[in-house]
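Here's the structure we're looking at; comments come further down.
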Amino acid sequence: MKFLSLMFTLLLCFSCGSDDGPGYQEPYNPNDDDPVIPLTDTELMDLTQETTFKYFWDYADANSGAARERYHTDNPSDSENVVTTGGSGFGLMAILVGIVRGYVTREEGFNRLSQIVDFFENADRFHGVWPHWLNGTNGSVIPFSDQDNGGDLVETAFLAQGLICVKEYFKTGSEDEAALATQADELWKGIEWNWYTQNQNALYWHWSPNNGFSINLELKGYNETLIAFILGAASPEFPIPAEVYHQGWANNGNIVSTESQYGIPLILDHAGSGSGPLFWAHYSFLGLNPTNLSDQYANYWNLNVNHTNINYEYCVDNPNNYRDYGEDCWGLTASYSRNSDGTTGYSAHSPDNDLGVISPTAAISSIPYTPEKSLEAMHYFYSKKDILLGPAGFYDAFSPQYNDWVTERYLAIDQGPEIIMIENYRSGLLWNLFMQNEDVQNGLDTLGFTY
């Protein structure tokens, strides 16, 4: 999401496991007062996935069925009809997990997915690109900022990732399911990626019918935007040439880094920021499988494993001496945060911007890269279930340093990667669906990837 990268900039100036199946009988009730009884790894993954699924099912926007930008347990009406485009893409994938895991029936999942896809088909688009936020009641754009009242290419790329997974999941199903697959396929193929190049070898994040390209934010360097270039190259109707990727995102090869942290190579320059927040290793890779993914700049499995391990080693090293940081309490990424006066704010946490706030999504969503370390963190989070586990999974952020401060809030873009990446670790579901798509394969081939 653009505000993550923007805020981060401002603050700075699988291998797949076997599918081990459901491991517990009763869904967790966060209101239970029972003592914390340790769970097995399988039980813990089951619990985390099922409770997190509820964000996209029980707490979705009532009219559209799509993902709300946020849900505050202390104020459920906050942003009640604000639908997030990128988070809804994550929601599409989460509902597929829900079907496979048996949280909902295939028919229930199909009906909700149809509702969501219908909503986006009729929602505002700008050269095929959806805005960052939409009004769930009527599909109209909700401006993200004064100039940002049009298309958001990165949010749209996250949605397209989900649409492609829906297409692949239902394409051989019943007549109605095949129709949904076609509808999802046609929606993402209507995205005019080439419009967002401004006829240059670059991609730009925003276009507005009132403000044009005035924000002029180029997608460049290692962050969360890789998926936009791959889907742009994959587009059958509005493709971008390979030069947009090589000269734009890869900066004519200058994206390659020789720097290391904690003896671990960065491999790519993290937007000039040292080691960036961990969502950079998640958002583009919810469908895009990094396991065997390489191009002339990086092996993306090694890139993401190294990124995660640097984040982990930083928390173990704990140069700021924050309470409880260590081998089982780690994970810095963009999330809600604690302001200096104790109120809730927002920050792109990273080793270069460590405020003593741990975001559970950071370690949990990294489970394909660091399974043992991520599971240790999940057990630690569960040990604090009385304060940290709410009605839709683990809360977005907490701080042992400040007397176990917890924000009892959720963000779609943080909950989605948890259920999705746990599933990719366990069964490879979303990775397999996305990577089998022929258009995706054509895009990867165009840009010179091996996979």
Say whether Thr361 and Ser365, considering side chains only, have a donor N or O and an acceptor N or O under 3.5 Å apart.
yes
A quick test of your reading: do over 12 heavy atoms of other residues, nucleotides or ligands sit less than 6.0 Å from CD of Glu121?
yes
Measure across Pro360 and Asp396 and return the closest heavy-atom pair with its distance rounded to 0.1 Å.
CD-O, 3.4 Å
So does Lys189 pair up with Asp439, basic N to acidic O under 4.0 Å?
yes
Is any side-chain heavy atom of Cys165 closer than 4.5 Å to a side-chain heavy atom of Leu92?
no
Classify the angle between the aromatic ring planes of Trp280 and Tyr222 as parallel (below 30°), tilted (30 to 60°) or perpendicular (above 60°).
perpendicular
Quick check, are the ring centers of Phe398 and Phe381 under 6.0 angstrom apart?
yes
Do Phe126 and Ser208 make a side-chain contact, defined as non-hydrogen atoms from C-beta onward lying under 4.5 Å apart?
no
Centroid-centroid distance, Phe158 to Tyr283, less than 6.0 Å:
yes
Take atom CG of Asp146 as the centre, draw a 6.0 Å sphere, and report whether it contains more than 12 heavy atoms from other residues, nucleotides or ligands.
no
Which distance, rounded to the nearest 0.5 Å, do you find between the CD of Glu313 and the CG of Asn318?
12.5 Å
Just checking, is any N or O donor in the side chain of His132 or Thr85 under 3.5 Å from an acceptor N or O on the other one?
no
How far apart are the closest heavy atoms of Gln261 and Ile310, and which atoms are they?
OE1-CG2, 3.3 Å
So, do Thr225 and Trp249 sit near enough that their side-chain heavy atoms are less than 4.5 Å apart?
yes
Side-chain contact, heavy-atom cut-off 4.5 Å: Tyr382 with Leu47?
yes
Minimum heavy-atom separation for Val357 to Arg338, with atom names?
CG2-N, 3.8 Å
Can you confirm whether Gln415 sits close enough to Glu418 that some side-chain heavy atom of one is under 4.5 Å from a side-chain heavy atom of the other?
yes
Do you see a donor-acceptor pair shorter than 3.5 Å between the side chains of Arg70 and Ser79?
yes
Donor on one side chain, acceptor on other, Asp124 and Trp130, under 3.5 Å:
no
Within the 6.0 Å centroid threshold, strictly below: Trp133 and Phe144
yes
Evaluate salt bridge (Lys or Arg N to Asp or Glu O under 4.0 Å) for Asp46 paired with Arg426, printing each intermediate quantity in order.
CA-CA 10 Å; Asp46 286 336; Arg426 301 178 79 174; 3.0 Å; yes
Are side-chain N/O atoms of Asn306 and Thr308 paired as donor and acceptor at under 3.5 Å?
no
For the residue pair Tyr204 and Leu153, establish whether any side-chain heavy-atom pair is separated by less than 4.5 Å.
no
Where Tyr314 and Pro319 come nearest, the two heavy atoms and their spacing
CE1-CG, 3.3 Å
Among side-chain atoms of Asn135 and Thr137, is any donor-acceptor pair under 3.5 angstrom?
yes
Test item: side-chain donor near acceptor, Asn304 and Trp301, under 3.5 Å:
no
Ser347 and Asn353: side chain donor to acceptor below 3.5 Å
yes
Quick one: pull up CH2 in Trp207 and CG in Asp152 and give me the separation to the nearest 0.5 Å.
14.0 Å
pair Phe434-Leu430: side-chain heavy atoms closer than 4.5 Å
no
Could you tell me if Ser350 and Asp352 have a donor-acceptor pair between their side chains, going purely by distance under 3.5 Å?
no
Examine the side chains of Tyr325 and Asp354 and answer whether a donor and an acceptor come within less than 3.5 Å of each other.
yes
So, do Thr73 and Tyr410 sit near enough that their side-chain heavy atoms are less than 4.5 Å apart?
yes
Aromatic rings Tyr103 and Phe53: how do their planes relate, parallel, tilted or perpendicular, breaks at 30° and 60°?
tilted
Atom pair CG/CG of Asn211 and Asn149 - distance to nearest 0.5 Å
5.5 Å
